Amino acid sequence: MSPNDVFDALILILLITCALAIARMKDLAAAVILFSVYSFALCLLWVHRGAPDVAMTEAAVGAGITAVLFFYTLARTGRREK
Amino acid sequence: MRNALALLIVIVLAGLMMAGVSQLPPPGSPDGAVHRHVAAHYIDGGTEAGGAPNLVTAVLLNYRALDTYGEVVVIFAALVAVLAVGLSGHSRGPRRQPDELPVSPVVDRIIRLLAPFIALFALFMILEGHVLPGGGFQGGVVLGALLILLSLVLGPRRIRRMLPTPALFWTRAIAPLVFALTAIAGLALAGWLFALPEPAWLRELILVGLELAIGIGAALALVGFYLSLEADHHD
Amino acid sequence: MSELLLTTFAAVLIAAGCLFFLAGTIGLLRLPDFYCRLHATTKCDAVGAVLILLGVALIAGADTQTVRIVALIALIAISSPTAGHALARAGWHAGHRPWTREENDEPE
Amino acid sequence: MTEGLAHLDYIAVVILFAIGLYVVLTKQNLIKKIIGLNIMETAVFGLIVTSGMVDGGSPPLLGQGLEPPYASPIAHALVLTGIVVALSVTALALVLILRVKAECGSIELDELLEPDE
């Protein structure tokens with residue numbers, strides 16, 4: 001197993017952990033923040049896969065703008081899931 | 001009960017997908033389906049046929065320009081739908097207004113300091129997108145993020161004043177318009193839609209124009225999404 | 001000889017940066033309240049990342065890459081403390097009060 | 001990659017997709033459903049980018065001194081368009097949710113589906 005594989009495997013584990021945490025989370029604001037973390041991990045993986053274009057877009061869209069849009073919605077609908 | 005049923009469905013589906021995925025060649029092997037057909041041709045074609053050294057841009061703006069046109073139209077349609085469905089001028093749900101926290105002077109100063117650099121970087125990504133990683137969408141997204149950041153710090157009203165409505169009306173549609181123009185120009189000059197005409201400088205000019213249009217369109221779409229979600233005093 | 005010296009120095013810088021990140025992460029997991037955790041993580045962001053980038057810049061040598069790395073260091077040095085400040089301010093406004101030993105004997 | 005781990009990426013992607021689908025199916029909160037939808041989308045993007053990768057490949061940039069083999073540019077272009085469209089979909093869904101909240105006063109699906117007396 002090369003260091004590259006270890007790196008890949010760690011990121012994949014981080015991704016799955018984040019996704020599971022998002023699924024369990026009752027606090028929607030925390031879920032959105034976790035989704036940002038998830039997006040950043042994904043974009044790390046994509047730089048590693050030789051896709052810098054995609055990684056840049058994902059960093060700006062997934063981690064930045066999506067979170068802002070979600071937060072503005074949460075400000076009006078309440079942050080707790082019933 | 002319903003959750004258990006959903007879990008069962010998901011597990012069955014995941015099992016089927018696992019079975020399908022295990023038939024694929026392992027990721028990274030050069031004989032995957034993705035690498036064998038047109039991709040090899042695109043890479044061999046190089047800068048001459050593709051029009052841009054960044055092959056992603058070449059695929060987006062030259063080989064698959066029609067697809068990109070469709071996508072640009074999708075984004076524009078989403079923007080129109082958001083603006084139409086948005087709560088502007090309607091009875092709004094009570095917004096849980098946090099008592100106004102004035103912007104910290106530190107944050108305000110730093111954002112003002114950094115904003116020109118971010119804008120420069122976004123422009124660089126758009127204009128150099130056919131050579132280096134980057135391009136219309138990436139740069140446009142960064143530009144949109146910058147505008148959103150500014151409106152978080154300076155207040156949405158300032159941003160609205162920066163983007164006056166009559167100008168916005170046409171600028172929002174710039175990406176589909178420029179794409180349609182390019183398609184027709186290609187048809188007239190070289191015989192097929194989105195053809196890039198011969199002299200190299202003209203090609204590059206067209207590519208940069210397309211990138212700029214995509215970038216501005218994407219940035220304005222993002223700002224439009226943001227403003228209509230944020231809207232308390234939409235005009 | 002100087003090559004070796006340079007590489008060693010770069011390695012030391014990168015290792016120090018990683019140490020900062022480790023400390024910051026442990027702090028994030030172990031410290032009792034929002035402000036302490038922020039205190040730990042902001043430092044690892046600012047100092048750790050800058051140290052690692054300095055090491056990388058040393059290895060890259062006099063190159064166009066180095067200019068970009070220096071610009072990156074400047075941006076991180078400016079923006080990371082600002083983000084920490086904004087977070088702490090927002091936390092205070094949202095009603096988090098600093099943890100003190102007298103009020104809560106048991107850290108969570 | 002070593003033999004047993006060869007399909008690790010694909011397996012992870014399938015797991016992510018399944019988690020997203022589970023969130024979409026079971027959660028009653030509409031915003032949570034949208035987050036689940038986003039996870040599903042990113043899982044699909046992950047699948048496409050991963051299948052476009054070549055071992056030891058470099059980003060598909062000509063004239064930058066990068067050596068072939070290059071990763072497949074088609075996969076990257078597809079995902080690029082996909083990300084931006086996904087964002088548009090998310091924004092539209094969020095605006096619709098705000099509208100539902102304004103009209104019906106709730107964004108929990110089970111409360112919305114209860115027949116009014």
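Computation of the quantities below employed the complete heavy-atom set of this structure, encompassing side-chain atoms and omitting hydrogens, waters and symmetry-equivalent molecules. Convention: sequence-line order gives letters A, B, ...; per-chain numbering from 1. Remember, predicted model here, so these are calculated numbers, not experimental data.
The distance from atom OG of Ser72(D) to atom CZ of Arg49(A), rounded to the nearest 0.5 Å, is 14.0 Å. Taken to the nearest 0.5 Å, the CD1 atom of Ile11(D) stands 10.0 Å off from the CG atom of Leu12(A). Atom CG in Leu28(A) sits 10.0 Å away from atom NZ in Lys27(D) (nearest 0.5 Å). From Arg76(A), atom CZ reaches atom CD1 of Ile97(D) across 12.5 Å, with rounding to the nearest 0.5 Å. Put simply, OG1 on Thr42(D) and CD on Glu58(A) are 7.0 Å apart, with the number rounded to the nearest 0.5 Å. The CD1 atom of Ile16(A) sits 6.0 Å away from the CD1 atom of Ile19(D) when rounded to the nearest 0.5 Å.
No side-chain heavy atom of Leu8(D) sits under 4.5 Å from any side-chain heavy atom of Asp8(A). Residues Phe70(A) and Ile35(D) have side chains in contact (heavy-atom distance under 4.5 Å, counting atoms from C-beta outward).
Residue Tyr70(D) does not touch chain A at all, counting heavy-atom pairs closer than 4.5 Å. Interface residue Leu20(A): backbone and side-chain heavy atoms are both found under 4.5 Å from chain D. Contact of Ile15(D) with chain A is made through the side chain alone, with heavy-atom distances under 4.5 Å. Using a 4.5 Å cut-off between heavy atoms, Leu16(D) contacts chain A through its side chain alone, with no backbone atom that close. Using a 4.5 Å cut-off between heavy atoms, Thr26(D) makes no contact with chain A at all.
Among the candidates Leu94(D), Ile107(D), Val23(D), Val13(D), the residue making the largest number of heavy-atom pairs closer than 4.5 Å to chain A is Leu94(D). Ranking Ile65(A), Ile13(A), Leu69(A) against chain D, the residue ahead of the rest is Leu69(A), based on heavy-atom pairs under 4.5 Å.
In this structure a side-chain-to-backbone donor-acceptor pair under 3.5 Å is missing from Lys32(D) to Ala31(A).
The two residues Ile31(D) and Leu74(A) have their closest heavy-atom pair at CD1-CD2, 3.5 Å. Heavy-atom minimum distance, Leu80(D) versus Asp53(A): CD1-O, 3.9 Å.
Within residues 35-45 of chain A, the residues having any heavy atom under 4.5 Å from a heavy atom of chain D are, by residue number, Phe35(A), Tyr38(A), Leu42(A).
The stretch residues 73-92 of chain D participates, sequence neighbours left out, in these side-chain hydrogen bond (donor to acceptor under 3.5 Å, both in side chains) pairs: Asn38(D)-Thr90(D).
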